[in-house]
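Following: one structure in structure tokens, then a few remarks.
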Amino acid sequence: MNYWLLKSEPDVYSIDDLIQEGEGVWDGVRNYQARNNLRAMLPGDLALFYHSNIGMEVVGMVEISTAAFADPTTEDDRWSAVGVKPVRKFKKPVPLKVLKSDPYFEDLTLVKHSRLSVMPVTKAHFDAILALSEA
DNA sequence: GCCAACGTTGGC
DNA sequence: GCCAACGTTGGC
């Protein structure tokens, strides 16, 4: 079981959009490192859902429902997509500001490499963010 | 709206 | 294969 963080601009695709759909396709990734992370995902893996630009906070948790397949938004077979299902939306989202101000998260990729859109998260960090969402 | 960080492209 | 130019992302 692996843990991840998925980043999306909410005015393009938000956690509410995913909840409304019931199941979504995480596509449109055009970065090799992010794509490699998508390809390492397995059904049942859990991911945090982060809203970039607007909100700038971790807003919920999702589950990977389908392992990587060809990205349907392009003919180019270099790119991959995965299926995702909502698990829950946080009552109390966890702002980037909080993660940045806590030394515990200084190695979190979201903090260190803010441009990567699909990244692995350690179980410890994952659990700590869940705990903050309930604090 | 700006700009730093970073990835990609293309000329050499 | 290097690197300058350029485009994009995303925080501020």
Side-chain angles (χ1 to χ4, degrees):
Chain A
M1 158 88 74
N2 288 305
Y3 299 87
W4 310 94
L5 185 144
L6 297 170
K7 201 161 52 176
S8 180
E9 295 181 50
D11 54 352
V12 176
Y13 192 76
S14 71
I15 191 160
D16 291 325
D17 295 330
L18 176 60
I19 289 167
Q20 198 171 4
E21 285 181 1
E23 180 158 11
V25 174
W26 205 269
D27 57 24
V29 170
R30 297 291 183 268
N31 169 282
Y32 289 108
Q33 205 181 338
R35 181 210 63 184
N36 291 343
N37 290 329
L38 286 178
R39 289 185 179 178
M41 292 178 178
L42 293 171
D45 283 357
L46 295 173
L48 298 166
F49 195 125
Y50 176 77
H51 281 175
S52 63
N53 292 312
I54 300 166
M56 290 192 283
E57 54 194 8
V58 183
V59 291
M61 176 168 53
V62 303
E63 182 185 335
I64 307 307
S65 55
T66 314
F69 52 93
D71 187 331
T73 65
T74 176
E75 297 286 300
D76 191 333
D77 59 11
R78 286 179 299 166
W79 306 116
S80 299
V82 296
V84 289
K85 283 190 299 198
V87 174
R88 76 181 129 95
K89 183 177 173 179
F90 294 159
K91 286 202 180 72
K92 187 166 171 275
V94 182
L96 177 65
K97 192 173 53 178
V98 168
L99 301 176
K100 285 195 116 164
S101 63
D102 186 341
Y104 183 72
F105 293 107
E106 67 184 356
D107 290 328
L108 187 70
T109 309
L110 185 68
V111 171
K112 258 192 166 168
H113 300 289
S114 63
R115 291 188 52 194
L116 187 63
S117 62
V118 180
M119 67 190 79
V121 177
T122 64
K123 183 174 185 342
H125 278 157
F126 192 94
D127 288 344
I129 290 169
L130 285 189
L132 286 173
S133 78
E134 288 159 0

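Chain A is the first sequence line, chain B the second, and so forth, proteins listed ahead of strands; every chain is numbered from 1.
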Regarding S52(A) and R115(A), is there a side-chain donor-to-acceptor distance under 3.5 Å anywhere? no
Any chance you could lay out the side chain to side chain contact (heavy atoms under 4.5 Å, CB included) test for L108(A) and I129(A), step after step, and finish with the verdict? CA-CA 11 Å; L108(A) 187 70; I129(A) 290 169; 4.2 Å; yes
Residues N37(A) and W4(A): side-chain donor-acceptor under 3.5 angstrom: no
For nucleotides 5-10 of chain C, give me one character per nucleotide, 5' to 3': B if any protein heavy atom sits under 4.0 Å from the base, S if the only such contacts are to the sugar-phosphate, - if neither. --BBBB
Give the rounded distance in Å between these two atoms: NZ of K100(A) and P of dA4(B). 14 Å
Just to be sure I understand the geometry, which residues of residues 27-36 of chain A put a non-hydrogen atom under 4.0 Å away from DNA chain B? N31(A), Y32(A)
Does a side chain donor of either R35(A) or S80(A) reach within less than 3.5 Å of an acceptor in the other side chain? no
Can you name the nearest heavy-atom pair linking S14(A) to F49(A), along with the distance? C-CZ, 3.6 Å
Taking CD in E23(A) as the centre, count heavy atoms belonging to other residues, nucleotides or ligands within less than 6.0 Å. Is the count above 12? yes
By side-chain contact (heavy atoms from CB on, under 4.5 Å), D77(A) pairs with (sequence neighbours left out) none
Around E134(A), counting heavy atoms of other residues, nucleotides and ligands shown, do more than 12 lie under 6.0 Å from its CD? yes
